[in-house]
Amino acid sequence: MQKKLKLWDAIMLVMGSMIGSGIFIVSADMMRNLGSGYWMIVVWVITGIMTVAAAISYGELSALYPKAGGQYTYLKEIFGKRMGFLYGWGLFTVIQTGTIAAVAMAFGKFTAYLVPSLNDAAPIFQSGEFKITWIQILAIAIIVLLTYINTRGVESGKILQNIFTGSKIIALLGLIAAGFILVDFSHLAENFNFGYDSFNNLKKDINGNFLKEGWVPIGGMTLLGGIAAAMVGSVFSSVAWESVTFVSGEIENPKKNVVKSMIYGTSAVMILYIAVNYVYLNALDRDAIAFAGNDRVAVAASHNIFGSAGTVIIAILVMVSTFGCNNGLILAGARVFQTMAKDGMFFKQAEKNNKNEVPANALWMQGVWASLLCLSGQYGNLLDMISFVIVLFYMITVFGVIYLRFKQPDLERPYKTWLYPVTPIIYLLIGSGFCILLLIYKQQYTWPGFVMVLLGLPVYYFINRNNKVQE
């Protein structure tokens, strides 16, 4: 593979893959679960510590295995082919492709703000609850366009990534500044006035709409359950930073630049996220955040900041954000499936590079499956299911750092995890707490995704049925 990505390109890939649609939406559900500006910020800070701790820990593995495939390669090398395959299976069936589908759909839905006829148009096809809309077709068109651009060479994908990531970072900084300068009346003191007290409001009327009068004080284990439920949103908004490890084979000096890009990129994004949430708390009261129309908190805040033009401004920002995010996801994901194909763990055709030295077949396979998920209408449910699984695989990988230190202490490590073993232990403790609380209180987020990954086991044994020794 040609080394065409520099450190700046890698940082843009980390930040661009992280910042999608989540930051503009998830704070509504977080507020409904916690009912306090204080606790909402606490959850974002916990998620930030967790994310940066994982990135610092991954750095050691990225320096040990500086080749394409990233997390798949780390898991395979440390724990064997079976574990590597299960991660790759989950990545292709849901994690990467489901995220691509969801982000493309977010692009389509916010485009409909600017082109109302997209919302108003009759479905192209409908049979019972299943329907195909023009928004879904637009989402697929975006996936196809970005997949095509990335088949033209890594330079094309890199330029697009840098332009769109740079644009949305500047736009977010502008939103943060305006959110404190242009707001006529600040709700910040009001939102923090609850202090350590927490509430939830999850009651709905017969039409499924949340009731604004339903705030209930919570504490103890119920509060812990609320924190875990709120973290589903913040964690979903903070994943995909590991995408840069998928393209390690195309980054200059990967032993140093991959770890730098992960640490710099995740730290910068988490600071941006916390600042954006302060803007929401400054521009809107508790009810306005929790019950924003269709959970679009950013639209409500932008309307208060910029007036009637706010809806257009935020719609354009989300379109830029989701377009750039999907480019990063598409660029990176295909490299894992190519690496799996080289190991005999994926379709053989995915192994080949085209004349532009990129895995075009793997890109199109990824694009086709993501498009089918758009049509299925189930991608949102799938993503809810896999937040638990994503953190579980992060934990296994971070544990791999500690495991390797004991198993191969004399291995030459070009980069060693900062504050080892404190950093990986911090991640494992927070991740374990998150997963255990979800298992207790929010099982709809846990077992379905876990079972989906386990379905990869029979596929793994079928692929390896002629091998005498299976790891």
Side-chain angles (χ1 to χ4, degrees), residues 1-14 16-17 61-77 81 84-85 87-93 95-97 99-100 142-165 240 242-255 257-258 261 324-372 463:
M1 290 186 175
Q2 298 180 0
K3 309 284 186 182
K4 293 187 176 181
L5 300 176
K6 302 182 186 299
L7 174 60
W8 177 252
D9 305 319
I11 293 171
M12 288 295 97
L13 179 56
V14 171
S17 297
L61 300 178
S62 72
L64 280 172
Y65 309 110
K67 53 186 178 182
Q71 195 169 351
Y72 159 76
T73 300
Y74 309 158
L75 291 170
K76 185 193 71 171
E77 294 289 341
K81 289 168 58 179
F85 176 81
Y87 172 73
W89 163 266
L91 199 74
F92 183 77
T93 54
I95 297 171
Q96 197 80 357
T97 50
T99 306
I100 289 168
I142 290 301
I143 292 171
V144 171
L145 172 64
L146 288 171
T147 300
Y148 172 74
I149 290 171
N150 277 281
T151 63
R152 304 300 296 168
V154 73
E155 285 282 350
S156 302
K158 178 184 81 172
I159 292 168
L160 199 67
Q161 188 67 24
N162 290 353
I163 291 172
F164 275 84
T165 300
E242 78 280 5
S243 291
V244 72
T245 69
F246 301 163
V247 294
S248 294
E250 292 158 272
I251 295 175
E252 285 185 356
N253 193 5
K255 290 185 178 182
N257 286 341
V258 173
S261 68
C325 176
N326 245 356
N327 181 69
L329 294 170
I330 288 167
L331 185 156
R335 272 63 178 181
V336 180
F337 311 131
Q338 181 186 41
T339 304
M340 291 177 69
K342 290 177 179 177
D343 294 338
M345 293 289 166
F346 199 68
F347 300 109
K348 192 68 178 171
Q349 294 87 340
E351 184 179 342
K352 299 176 183 176
N353 274 347
N354 65 4
K355 63 181 181 181
N356 299 313
E357 295 301 318
V358 292
N361 289 341
L363 280 162
W364 285 117
M365 289 173 188
Q366 173 184 258
V368 167
W369 184 246
S371 298
L372 289 173
I463 290 172

(request) Report the C-alpha distance between Glu250 and Leu331 in whole Å, list the side-chain angles of each, state the deciding distance to 0.1 Å, and finish with yes or no for side chain to side chain contact (heavy atoms under 4.5 Å, CB included). (result) CA-CA 11 Å; Glu250 292 158 272; Leu331 185 156; over 6 Å; no
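A distance of 4.0 Å separates OG1 in Thr147 from CD1 in Ile330, rounded to the nearest 0.5 Å. Atom CD1 of Ile143 and atom CG of Leu363 lie 12.5 Å apart (nearest 0.5 Å). In this structure, OG1 in Thr97 is found 7.5 Å from CG in Leu91, a value given to the nearest 0.5 Å. Note that CG of Asp343 is 11.0 Å distant from CD of Gln338, once rounded to the nearest 0.5 Å. Between atom OG1 of residue Thr339 and atom CE of residue Met345 there is a gap of 13.0 Å, rounded to the nearest 0.5 Å. With values rounded to the nearest 0.5 angstrom, Leu160 atom CG is found 14.0 Å from Arg152 atom CZ.
Contact detail for Ser248 and Pro66: the closest heavy-atom pair is CB-C, 4.0 Å. Heavy atoms only, all atoms of each residue included: Leu61 and Tyr74 are closest at O-CE2, 3.6 Å. Shortest non-hydrogen contact noted between Ala332 and Val247 is CA-CG1, 3.9 Å. Listed here is the closest heavy atom pair of Ser17 and Ser243: OG-CB, 4.0 Å.
In this structure, the side chain of Asn150 does not engage the main chain of Gly153 through any donor-acceptor pair within 3.5 Å. For the pair Asn356 (side chain) and Val358 (backbone), a donor-acceptor distance under 3.5 Å is absent.
By the 30° and 60° cut-offs, the orientation of the rings of Phe92 relative to Trp369 is parallel.
Annotation: side chain to side chain donor-acceptor pair (under 3.5 Å) contacts of Asn326 (sequence neighbours excluded): none.
By the 4.5 Å heavy-atom criterion applied to side chains, Asn327 and Phe164 are not counted as neighbours. Taking 4.5 Å as the limit, some side-chain heavy atom of Ile463 sits within range of a side-chain heavy atom of Phe85. Contact check for Phe337 versus Met365: no side-chain heavy atoms found under the 4.5 Å cut-off. Residues Val244 and Ile251 are in side-chain contact: their nearest non-hydrogen atoms beyond the backbone lie under 4.5 Å apart. By the 4.5 Å heavy-atom criterion applied to side chains, Gln96 and Leu329 are counted as neighbours.
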Identify all side-chain donor-acceptor contacts of residues 6-14 below 3.5 Å with residues at least two apart in sequence or on another chain.
unit_1: Lys6; atom_1: NZ; unit_2: Glu252; atom_2: OE2; d: 3.0
unit_1: Asp9; atom_1: OD1; unit_2: Asn162; atom_2: ND2; d: 2.8
unit_1: Asp9; atom_1: OD2; unit_2: Lys6; atom_2: N; d: 2.8

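Remark: Glu77 engages Lys67 in a salt bridge, criterion side-chain N to carboxylate O under 4.0 Å.
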